[in-house]
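Each remark here refers to the structure printed beneath this line.
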There are 4 protein chains.
Amino acid sequence: MNKQKVKRGFASDNNAGVHPDIMKMLVSVNTGHTIGYGSDPYTEQAKQLFKEHLGSFTETFFVFTGTAANVLCLSGVTRPWNSVITAFTAHLEQDECGAPEKFTGCKVLTVDTNDGKINTDLLLKHMHGFDFEHHSQPKVLSITQPTEMGTIYSPGEIKNLADFTHENGMLLHMDGARIANASVSLDLPFKSFTTDSGVDVLSFGGTKNGMMYGEAVCFLKPGLSNDFKYIRKQGMQLASKMRFISAQYIAYFHNDLWKKCASHSNAMAKLLADKLVHLDGIKITQQVQANGIFLIIPHDVAERVRQQYFFYPWDEKISEYRLMTSWDTTEEDIEKFVALLKEELKKRLQK
Amino acid sequence: MNKQKVKRGFASDNNAGVHPDIMKMLVSVNTGHTIGYGSDPYTEQAKQLFKEHLGSFTETFFVFTGTAANVLCLSGVTRPWNSVITAFTAHLEQDECGAPEKFTGCKVLTVDTNDGKINTDLLLKHMHGFDFEHHSQPKVLSITQPTEMGTIYSPGEIKNLADFTHENGMLLHMDGARIANASVSLDLPFKSFTTDSGVDVLSFGGTKNGMMYGEAVCFLKPGLSNDFKYIRKQGMQLASKMRFISAQYIAYFHNDLWKKCASHSNAMAKLLADKLVHLDGIKITQQVQANGIFLIIPHDVAERVRQQYFFYPWDEKISEYRLMTSWDTTEEDIEKFVALLKEELKKRLQK
Amino acid sequence: MNKQKVKRGFASDNNAGVHPDIMKMLVSVNTGHTIGYGSDPYTEQAKQLFKEHLGSFTETFFVFTGTAANVLCLSGVTRPWNSVITAFTAHLEQDECGAPEKFTGCKVLTVDTNDGKINTDLLLKHMHGFDFEHHSQPKVLSITQPTEMGTIYSPGEIKNLADFTHENGMLLHMDGARIANASVSLDLPFKSFTTDSGVDVLSFGGTKNGMMYGEAVCFLKPGLSNDFKYIRKQGMQLASKMRFISAQYIAYFHNDLWKKCASHSNAMAKLLADKLVHLDGIKITQQVQANGIFLIIPHDVAERVRQQYFFYPWDEKISEYRLMTSWDTTEEDIEKFVALLKEELKKRLQK
Amino acid sequence: MNKQKVKRGFASDNNAGVHPDIMKMLVSVNTGHTIGYGSDPYTEQAKQLFKEHLGSFTETFFVFTGTAANVLCLSGVTRPWNSVITAFTAHLEQDECGAPEKFTGCKVLTVDTNDGKINTDLLLKHMHGFDFEHHSQPKVLSITQPTEMGTIYSPGEIKNLADFTHENGMLLHMDGARIANASVSLDLPFKSFTTDSGVDVLSFGGTKNGMMYGEAVCFLKPGLSNDFKYIRKQGMQLASKMRFISAQYIAYFHNDLWKKCASHSNAMAKLLADKLVHLDGIKITQQVQANGIFLIIPHDVAERVRQQYFFYPWDEKISEYRLMTSWDTTEEDIEKFVALLKEELKKRLQK
């Protein structure tokens with residue numbers, strides 16, 4: 001079998017594999033028969049764990065991908081004549097190939113923001129046309145925590161946005177593809193900056209933090225989406241062998257595995273940023289609050305380094321790149337990468 | 001952790017777990033970093049294996065579920081004003097919650113058939129309105145192999161349907177959710193009753209035959225769906241850690257694991273049918289050609305047996321039930337089940 | 001300007017023009033300014049007239065076409081995971097190019113019927129899978145009155161269907177593209193065989209009975225579609241100069257213009273049928289209850305007659321044709337057509 | 001019949017009625033039978049007229065509304081994974097209730113612009129992610145001529161945008177809901193600033209310039225949308241009595257009726273602007289190049305004037321209002337309106 005050596009890097013937290021504890025759990029539940037499609041004891045247990053972490057009203061539905069979690073969260077609480085407001089940098093705007101529009105029929109409106117965070121001032125642009133049939137009706141504000149720029153909302157900031165959206169008859173969705181990194185960064189339990197801060201609907205990710213696959217759609221308040229089971233099925237996201245998603249979440253919550261993984265990746269990002277910040281020719285462009293680092297690197301330097309380490313350009317116009325750490329990033333990865341970068345920067349100065 | 005004893009049964013081939021060889025492979029590829037979303041060597045290798053089994057023009061795209069495989073196959077070759085013709089019993093008509101209509105915008109037309117199989121006579125009902133803008137334009141015939149009724153098309157029957165569809169400017173799709181069971185039953189390689197029989201697009205399943213998750217969309221002829229990568233992504237079916245689907249297919253094809261699994265489940269169905277066929281009060285309603293048995297059982301008897309073994313009613317109006325065997329069905333499962341059934345039938349006669 | 005002589009015929013009731021009273025009204029309301037999009041006094045008055053004819057709870061929304069009326073009626077009371085049941089011969093199945101599926105996302109299920117009429121026995125085929133997430137949830141039964149085969153439901157038959165659908169948690173939609181012809185045929189007011197017989201949602205047509213354009217979506221019970229104004233706009237069916245639809249309906253209801261037009265076309269159909277029924281070689285295949293006649297004509301005869309009179313084949317396999325009369329059909333039209341037909345039939349016998 | 005006196009005003013050019021020449025034509029073609037759905041000589045003639053005005057490759061399809069024209073233009077040349085770029089102020093972004101997203105499945109991206117006009121610099125924001133399956137693929141740039149802000153693109157500006165879009169593998173759509181006003185303002189024939197300037201697809205409006213209803217979807221180059229007839233039908237925009245749209249366009253082009261109407265409304269806007277520009281307390285915010293005037297009026301003044309004349313607020317945050325003139329605006333309308341406005345402004349100063 002082909003097992004070609006793949007280079008390590010900082011391309012994305014989903015280039016990492018599956019945490020051994022998750023894999024062990026997958027092996028462990030692989031015994032005998034279980035009813036399919038979620039009517040099994042593992043799924044029951046996993047849904048209960050979500051109630052413990054997010055509040056007793058939480059209704060959880062497992063799906064396959066982060067894109068699906070976002071799209072189905074929105075689909076659960078909108079009708080096609082609604083609009084969803086989000087940051088221009090948001091995953092659901094930039095990286096879902098129009099799946100939100102295709103599946104929900106809704107309009108996605110954006111606000112421009114430098115750090116990936118939204119505030120109420122930015123929203124005013126879209127707060128008009130309510131009850132006017134010519135205009136898509138604003139229904140959901142979607143924020144990402146941590147943002148796609150690696151920054152973090154405080155619970156107070158989230159509460160502000162929740163109050164604003166609710167006052168306007170809207171709901172607050174959080175894309176928590178990397179929510180564990182936010183929890184670790186804030187040093188707060190999930191509930192404090194979601195349910196307790198007014199979030200209504202949550203995409204709760206696991207794949208980027210050590211799981212194999214599977215994400216969760218969480219309705220945090222009662223009555224938000226009574227018919228969601230049909231939405232998930234029609235959205236092609238109902239797993240037949242559901243136990244293999246549920247079991248991963250059981251392992252993920254067991255002994256705070258999620259916290260260990262996210263703490264590690266956040267710490268690695270911090271370590272990497274500390275080593276980069278004083279390098280001549282490098283400029284870190286965003287606060288490093290989770291596991292992502294955004295920085296400007298001279299183009300030729302970056303390209304040479306990328307021949308040995310995976311990472312992606314973010315904004316080619318200003319030679320900005322993104323580095324993501326993950327649960328399996330090692331100090332050695334960081335040291336070698338920084339050493340190579342330094343060498344390339346030095347070569348450049350000598351020219 | 002909750003590990004409540006779950007009763008075994010004949011409810012569905014997806015109540016079974018994951019074959020140990022598949023699980024071993026999942027553990028084996030879980031080393032280090034790999035580029036996400038399919039640009040990895042495992043996916044390359046798996047796609048190559050599909051070319052070997054289905055022909056060199058085969059373009060393969062992995063997705064998560066059987067519903068997704070069917071819907072995206074259709075989406076790849078239709079526009080919303082097309083119609084898709086299938087059997088009334090087909091999974092895509094009965095068990096996909098309208099996902100084909102929702103995602104493709106197409107009309108799904110059905111033909112009534114007793115054994116799940118379609119022939120050209122049945123299709124005539126829908127062969128009209130071509131080029132007439134008021135009428136959805138027939139574009140795809142979708143057949144299931146083996147059918148949802150456990151029956152099998154011969155290569156000749158498939159060829160006939162392919163010729164008919166092509167003559168009418170249409171394409172032939174095969175839902176191969178249990179295609180391995182068909183191959184074993186026909187004692188023919190996949191290619192002979194797909195590509196070589198004129199099939200254009202194929203949903204190639206694995207989950208029902210020992211995999212954990214993951215199905216394949218296969219375009220068997222060149223040029224059928226040039227933009228399919230966008231369709232998959234917008235359909236929320238692009239796996240970030242793709243290697244864990246691809247690797248399963250590598251294991252699945254390795255040493256004909258697929259054949260061992262399917263041969264076993266077909267043999268178990270045969271064994272079970274042989275024991276049932278002579279029982280008084282039982283009537284087998286379909287030919288047993290793969291791993292499904294359809295039979296009429298007196299309602300009260302069935303309900304008492306179902307308290308100990310999972311299986312589902314198929315047509316409650318005539319007290320028809322479905323029994324599915326799987327790669328892990330044991331002779332003991334069958335003996336105990338038949339013994340219990342006999343006992344209940346006997347009790348009934350004594351009343 | 002091109003004013004080539006167009007031959008008359010029996011092709012469709014929309015080949016006729018606009019009744020002079022409707023045209024007069026269009027001229028009459030063309031004075032000065034009026035607020036657009038329906039906030040005008042003509043629309044207010046027209047909506048009031050619908051309340052008078054269909055009951056005080058009636059909420060009416062004007063749209064452009066019969067297809068739009070049907071599709072938006074369904075869209076108002078369904079979600080994408082629902083199914084709609086209708087006759088295989090129904091306009092929404094055969095002649096809307098999949099618009100219902102595309103716009104609502106719903107599945108359209110059909111029942112086979114010889115005369116275009118549905119009864120509860122036929123519906124049993126689809127009465128399963130309720131509350132089962134794999135299966136589209138049946139939500140609407142759609143009947144056509146008069147049917148596409150020119151037959152008429154009695155109020156009692158409609159009441160039966162309404163009771164059945166309501167008992168199954170469903171709603172009853174009526175496609176009334178030619179509803180005036182039904183009212184005349186039954187000699188009953190609209191309300192008796194719609195609202196009073198349990199119909200929930202109604203497509204109320206006018207174009208086929210002397211109007212220029214414009215159809216009405218009528219919700220006959222309160223609370224059925226609170227957000228319908230957005231559905232109409234998003235469905236691209238909100239007229240800017242709405243007064244020119246509303247005014248047509250004002251004229252249509254004034255002095256029972258609708259009744260005069262429909263009585264005439266029904267009478268012409270009766271006259272035509274009476275002349276055809278005894279012709280050798282002709283077989284009338286459906287009861288003539290409204291303004292459509294279905295009949296088998298020898299193919300060669302039909303084709304020769306069609307060179308002088310427009311009419312369409314209905315089922316080419318059995319050489320069945322459809323003749324539609326309209327508000328402007330004249331006795332002369334009928335006499336000349338029958339004379340020609342007789343002559344061609346005679347020629348044939350002489351061969 | 002209710003004929004309550006409606007106040008005149010400057011709310012919208014669709015508050016006006018139908019030009020008498022159009023109405024006369026509607027009466028004139030209302031004779032005898034005509035084949036429905038566009039296979040009639042009037043439609044043939046109207047389509048020919050579009051070829052004369054826009055170039056011999058022009059393929060024209062009539063629809064009912066401006067929203068439909070825009071949405072179907074886009075639908076004809078996109079697939080759901082495409083994106084469409086337009087101005088934030090564009091009708092298709094602000095005033096179509098999400099119909100473009102719902103019907104095409106595409107993402108609509110916007111650029112901010114003060115005067116409603118787009119230039120290539122503004123587009124750079126969205127020129128990325130080509131060939132990347134995670135990202136909606138930019139396919140169409142949609143500009144409005146004249147813009148929703150009453151401004152006009154020169155042929156050179158359009159040519160620039162066309163070149164830019166074509167270089168990026170995209171197409172240029174023009175929303176010409178008021179295209180006659182642009183032609184008059186530029187003193188150029190339609191073709192020079194559409195086909196000859198590189199526009200690919202055009203929504204050609206008539207309703208806002210004296211027609212009763214009906215707009216045109218024009219594909220200006222061959223091969224752009226071979227299956228468009230199905231898109232129109234499935235989009236619920238195929239008129240049965242098509243002659244009554246076609247005939248309006250025949251009258252519209254006859255003796256340059258369109259030019260007379262648009263010249264008049266543009267001239268009235270000029271006259272009104274000339275009278276407003278020197279008023280104390282009023283600030284005209286956009287160039288007056290067509291038939292719309294945007295101006296800041298003290299809120300209390302505006303509200304008092306609006307009790308006698310219809311017009312709408314545009315941006316309530318800055319007390320900006322919009323005045324639209326139409327083919328039937330009279331000098332008397334303007335004089336009375338300005339007199340009242342002056343009086344209210346004066347009262348205010350006296351306080």
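Computed from a prediction, not measured in an experiment: that's the story for all the values here. Below, read A as the first sequence line, B as the second, and so on, with proteins coming before strands; counting in each chain starts at 1.
- With a 4.5 angstrom heavy-atom cutoff, B:D95 touches chain A only via backbone atoms.
- Heavy atoms only, all atoms of each residue included: B:N209 and B:W327 are closest at C-CD1, 4.0 Å.
- Note on B:T67, B:D328, B:V18, B:T65: by heavy-atom pairs under 4.5 Å with chain A, the leading option is B:V18.
- Two residues are said to be in side-chain contact when any heavy atoms from C-beta on lie closer than 4.5 Å; A:F204 and A:V217 fail this criterion.
- With a 4.5 angstrom heavy-atom cutoff, B:Y230 touches chain A via backbone and side-chain atoms both.
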Exercise. Any chance you could lay out the ring pair (Phe, Tyr, Trp, His ring centres under 6.0 Å) test for A:Y321 and A:Y312, step after step, and finish with the verdict?
Key: CA-CA 6 Å; A:Y321 293 83; A:Y312 289 114; over 10 Å; no
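- If you measure heavy-atom distances from B:F103 to chain A, the contacts under 4.5 Å come from both the backbone and the side chain.
- Of the atoms belonging to B:L26, heavy atoms from both backbone and side chain fall under 4.5 Å from chain A.
- If you measure heavy-atom distances from B:A11 to chain A, you find no contacts under 4.5 Å at all.
- Within a 6.0 Å sphere centred on NZ of B:K24, heavy atoms belonging to other residues, nucleotides or ligands number 12 at most.
- The greatest number of non-hydrogen atom pairs below 4.5 Å with chain B, out of A:S12, A:P100, A:S240, is found for A:S240.
- Chain A forms more heavy-atom pairs under 4.5 Å with one residue of B:A239, B:P20, B:G9 than with any other, namely B:G9.
- At a 4.5 Å heavy-atom cutoff, the contact between A:Y213 and chain B is made by side-chain atoms alone.
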Walk me through whether B:F253 and B:F50 qualify under ring pair (Phe, Tyr, Trp, His ring centres under 6.0 Å).
CA-CA 9 Å; B:F253 287 123; B:F50 273 93; 5.1 Å; yes
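- Proximity to chain B (any heavy atom under 4.5 Å) is restricted, for A:M23, to the side chain, taken from C-beta onward.
- With chain A as the partner, the residue from B:H254, B:K233, B:E101, B:K208 showing the most heavy-atom pairs under 4.5 Å is B:K233.
- Among A:C97, A:G98, A:G235, A:S326, the residue with the largest count of heavy-atom pairs under 4.5 Å with chain B is A:C97.
- If you take OG1 on B:T43 and CZ on B:R243, they are separated by 10.0 Å, rounding to the nearest 0.5 Å.
- Aromatic ring centres of A:F10 and A:F337 lie closer together than 6.0 Å.
- Counting heavy atoms from C-beta on, the side chains of A:V84 and A:K107 never come closer than 4.5 Å.
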